[in-house]
Amino acid sequence: MNDKDRAELLFANDAFYLTFAEGDFATMETLWADTFPVSCIHPGWEPLFGRDAVMTSWESILENPPQAKASNSEAFVSGDLGYVVCFEQVSEGHFLLATNIFVREDGRWKMSHHQAGMTRARPLEDIRAREAKVN
């Protein structure tokens, strides 16, 4: 994996979370793959398969979006496939662990799969902030 691929993949992941937090459905549609199969597993939901089902779910969620943001993102690339594992903060002190899979379409990273779920783990900066308050 070269640094350029990794940086572009992390940029695509950040764009997803910015769009998520802003509730911007029109942009969200552009971030997902058009020709590659897509799927999504929202926390507590059944798996969604196909672009129509996934976009319908995002349209509903983005009507009242949580202020989600990603941290501690780790990117992995192999050819035209990449994925990011990150913490997803959906409220103060409430984190999910997410896996976002991307494919390269027309030279741009597009999301093919998003899955977020509960975790007991905490991002490193959250742990450091908590320790600083104690000390």
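Residue indices begin at 1 and follow the sequence shown.
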What are the two closest non-hydrogen atoms of W109 and A12, and how far apart are they?
CB-CB, 3.8 Å
Can a donor-acceptor pair be found, under 3.5 Å and without considering hydrogens, that links the side chain of S71 to the backbone of Q89?
no
State, to 0.1 Å, how close A98 and H114 come at their nearest heavy-atom pair, and which atoms those are.
CB-CE1, 4.2 Å
Minimum heavy-atom separation for N2 and D5, please, with both atom names.
OD1-N, 2.6 Å
Does some side-chain heavy atom of L96 sit less than 4.5 Å from a side-chain heavy atom of M118?
yes
Nearest-0.5 Å distance, CZ of residue F20 to CG of residue L31
12.5 Å
For the residue pair W58 and F16, is the inter-centroid distance of their aromatic rings smaller than 6.0 Å?
yes
I'd like to know whether NZ of K110 has more than 12 heavy-atom contacts from other residues, nucleotides or ligands below 6.0 angstrom.
yes
Can you list the residues that meet the side-chain hydrogen bond (donor to acceptor under 3.5 Å, both in side chains) rule with T27, with sequence neighbours excluded?
D24
Show your working on side-chain contact (heavy atoms from CB on, under 4.5 Å) between M55 and F25 and close with a plain yes or no.
CA-CA 9 Å; M55 290 300 99; F25 179 68; 4.3 Å; yes
Evaluation steps, side-chain hydrogen bond (donor to acceptor under 3.5 Å, both in side chains), between T99 and H113
CA-CA 8 Å; T99 301; H113 178 78; over 6 Å; no
Determine, using the 4.5 Å side-chain heavy-atom cutoff (strictly less than), whether I41 and I101 are members of one ILVMFWY cluster.
no
ILVMFWY network linking F95 to V90, side-chain heavy atoms under 4.5 angstrom:
no
Can you hop from F11 to F87 via hydrophobic side chains spaced under 4.5 Å?
no
To the nearest 0.5 Å, atom SG of C40 lies from atom CH2 of W45 at 8.0 Å
Minimum heavy-atom separation for A53 to L48, with atom names?
O-CD1, 4.1 Å
Looking at L81, D80, L9, which hits side-chain contact (heavy atoms from CB on, under 4.5 Å) with R104?
D80
Verify, without hydrogens or angle tests, whether E105 (side chain) and D34 (backbone) share a donor-acceptor contact under 3.5 angstrom.
yes
Check whether any side-chain heavy atom of V54 lies under 4.5 Å from a side-chain heavy atom of F49, and answer yes or no.
no
Working to the nearest 0.5 angstrom, can you tell me the gap between C86 SG and D14 CG?
8.5 Å
Between CE on residue M28 and CG on residue L18, distance to nearest 0.5 Å:
10.0 Å
Can you name the closest pair of heavy atoms from S39 and W32 and give their distance?
O-CZ3, 3.6 Å
Looking at V103 and A33, what are the two nearest heavy atoms and their distance?
CG2-CB, 4.0 Å
Rounded to the nearest 0.5 Å, how far apart are OH of Y83 and OG of S78?
9.5 Å
Could you measure the distance from the CG atom of N13 to the CD atom of E74? Nearest 0.5 Å is fine.
11.5 Å
Go through it in stages, so that I can follow the logic: the residues are N100 and Y17, the test is side-chain hydrogen bond (donor to acceptor under 3.5 Å, both in side chains), and I'd like the CA-CA distance, side-chain angles, deciding distance and then a yes or no.
CA-CA 11 Å; N100 299 315; Y17 283 100; 3.3 Å; yes
